[in-house]
Protein chains: 2
Amino acid sequence: MESQDLKKAGLKATLPRIKILNILESSPARHMSAEDVYKALLEGGEEVGLATVYRVLTQFEAAGLVERHHFEGGHSIFELNDGDHHDHILCVKCGRVDEFMDDVIEQRQHQIAEEKGYNITSHSLYIFGICRKCQK
Amino acid sequence: MESQDLKKAGLKATLPRIKILNILESSPARHMSAEDVYKALLEGGEEVGLATVYRVLTQFEAAGLVERHHFEGGHSIFELNDGDHHDHILCVKCGRVDEFMDDVIEQRQHQIAEEKGYNITSHSLYIFGICRKCQK
DNA sequence: GGCTATAATGAGAAGCGTTCGCATTAGTGT
DNA sequence: ACACTAATGCGAACGCTTCTCATTATAGCC
């Protein structure tokens with residue numbers, strides 16, 4: 001029952017929100033743009049406005065249900081927040097995205113923040129490269 | 001003689017390019033948006049179009065004179081490339097930007113890329129936090 | 001279970017940073 | 001100095017995102 005998840009997050013259980021959450025949970029792609037979600041809704045025969053998709057995703061982000069990543073070119077992609085933090089490595093040729101997590105890097109970041117007098121709130125790390133397939 | 005630098009970079013030494021390079025070199029701020037550069041030109045009484053600023057900065061980037069960073073909110077900032085690589089730590093309250101460089105993190109990144117089968121081309125790392133001043 | 005206050009929605013317009021198209025202007029090599 | 005080509009300036013167009021506002025749906029009370 002999705003509506004419970006939404007209520008827990010402090011959000012009214014409206015139809016668009018439930019549908020969008022469904023899309024995010026059932027989509028094979030972990031990383032989706034607002035446009036992707038919108039298209040998936042249309043393909044499912046749902047009547048939801050693009051503006052609503054943006055609003056809902058922003059609310060999901062604020063509620064911690066979803067993480068927003070700022071990609072180059074000025075567009076955002078969203079990813080279900082399943083609790084475990086990770087960073088991304090992506091292929092500059094085909095756009096493939098992989099995930100990784102490295103304790104050493106995480107640790108160093110905190111150390112650096114401390115050295116510089118910052119109270120760290122978050123970070124964003126992307127490695128760009130050419131994936132195995134595209135190297136051939 | 002700036003024009004030499006431009007020629008070396010394979011760019012014609014035009015007035016707008018020289019002026020923009022000057023701004024970047026003489027500005028107290030290491031990190032400038034296209035708009036910032038544009039404003040600085042206007043304040044200096046120069047007649048340069050905003051489109052040209054964007055074009056020139058993009059060319060400078062391609063030529064390796066400048067580095068472009070994609071900030072949240074969909075706008076880019078540019079920074080003179082003085083050869084030594086570094087990453088950024090920034091304050092989410094006041095927008096202050098500091099730089100750092102960590103060999104351990106650099107190394108781990110290469111290792112991760114290798115593990116994942118990627119041929120690394122670049123990376124982008126931002127640490128977000130609250131700076132000393134804003135913590136008070 | 002219906003009813004009302006209130007918050008959420010949809011559609012299109014507007015906003016923002018950035019890029020494009022094209023006629024005009026300026027730099028370069030001879 | 002000249003002609004060829006590339007660079008510029010302007011405004012219009014772009015893509016993504018957010019806003020506005022009238023309409024619709026939800027939550028809580030009776």
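Sequence lines set the chain letters: A, B, ... in the order given, protein chains first and strands last, and positions in each chain run from 1. Keep in mind it's a predicted model, so treat the numbers as computed, not measured.
- Within 4.0 Å (heavy atoms only), Glu47(B) reaches sugar-phosphate atoms of the nucleic acid but no base atom.
- Distance CG (Leu50(A)) to P (dG15(D)): 14 Å, rounded to an integer number of Å.
- The distance from atom NE2 of His70(B) to atom P of dC16(D) is 15 Å, rounded to the nearest whole Å.
- Thr52(B) comes within 4.0 angstrom of a base, heavy atoms only.
- When distances are taken from the side chain of Lys12(B) to each of dT9(C), dT5(D), dT19(C), the shortest belongs to dT5(D).
- Projected onto DNA chain C by closest heavy-atom contact, Leu15(B) and Val48(A) fall at different nucleotides, the more 5' of which corresponds to Val48(A).
- A straight line from NZ of Lys39(A) to P of dG15(D) spans 12 Å, rounded to a whole angstrom.
- When ring centroids are compared, His85(B) and His123(B) come within the 6.0 Å threshold.
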#### Entry: ring pair (Phe, Tyr, Trp, His ring centres under 6.0 Å) between Phe71(B) and Tyr126(B), intermediate numbers included
CA-CA 9 Å; Phe71(B) 274 35; Tyr126(B) 300 99; 5.6 Å; yes
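- Atom CD in Glu72(B) sits about 15 Å away from atom C1' in dC16(D), given to the nearest Å.
- A straight line from OH of Tyr54(B) to P of dG15(D) spans 17 Å, rounded to a whole angstrom.
- A centroid separation of less than 6.0 Å is found between the aromatic rings of His31(B) and His88(B).
- Each of Gly49(A) and Phe78(B) lies near DNA chain C, and the nucleotide nearest Gly49(A) is the one positioned closer to the 5' end.
- Side-chain N/O atoms of Thr14(B) include none lying less than 4.0 angstrom from OP1 or OP2 on dA6(D).
- Among the nucleotides dG10(C), dT18(D), dA6(D), the one closest to any side-chain atom of Arg68(A) is dT18(D).
- Distance CZ (Arg55(B)) to P (dA6(D)): 15 Å, rounded to an integer number of Å.
- Counting non-hydrogen atoms under 4.0 angstrom, Arg17(A) reaches the backbone sugars and phosphates but no base.
- Looking at Asp98(B) and Arg96(B), a side-chain N of the basic residue comes within less than 4.0 Å of a carboxylate O on the acidic one, giving a salt bridge.
- Atom CG in Leu11(B) sits about 19 Å away from atom P in dT5(D), given to the nearest Å.
- Looking at heavy-atom distances under 4.0 Å, Ser76(A) makes contact with sugar-phosphate atoms alone, never a base.
- When the nearest nucleotides of DNA chain D are assigned to Ala51(B) and Gly10(B) by heavy-atom distance, the more 5′-ward of the two goes with Gly10(B).
- The NE2 atom of His75(A) sits 13 Å away from the P atom of dT19(C) (whole-angstrom rounding).
- By the 4.5 Å heavy-atom criterion applied to side chains, Ile23(A) and Met32(A) are counted as neighbours.
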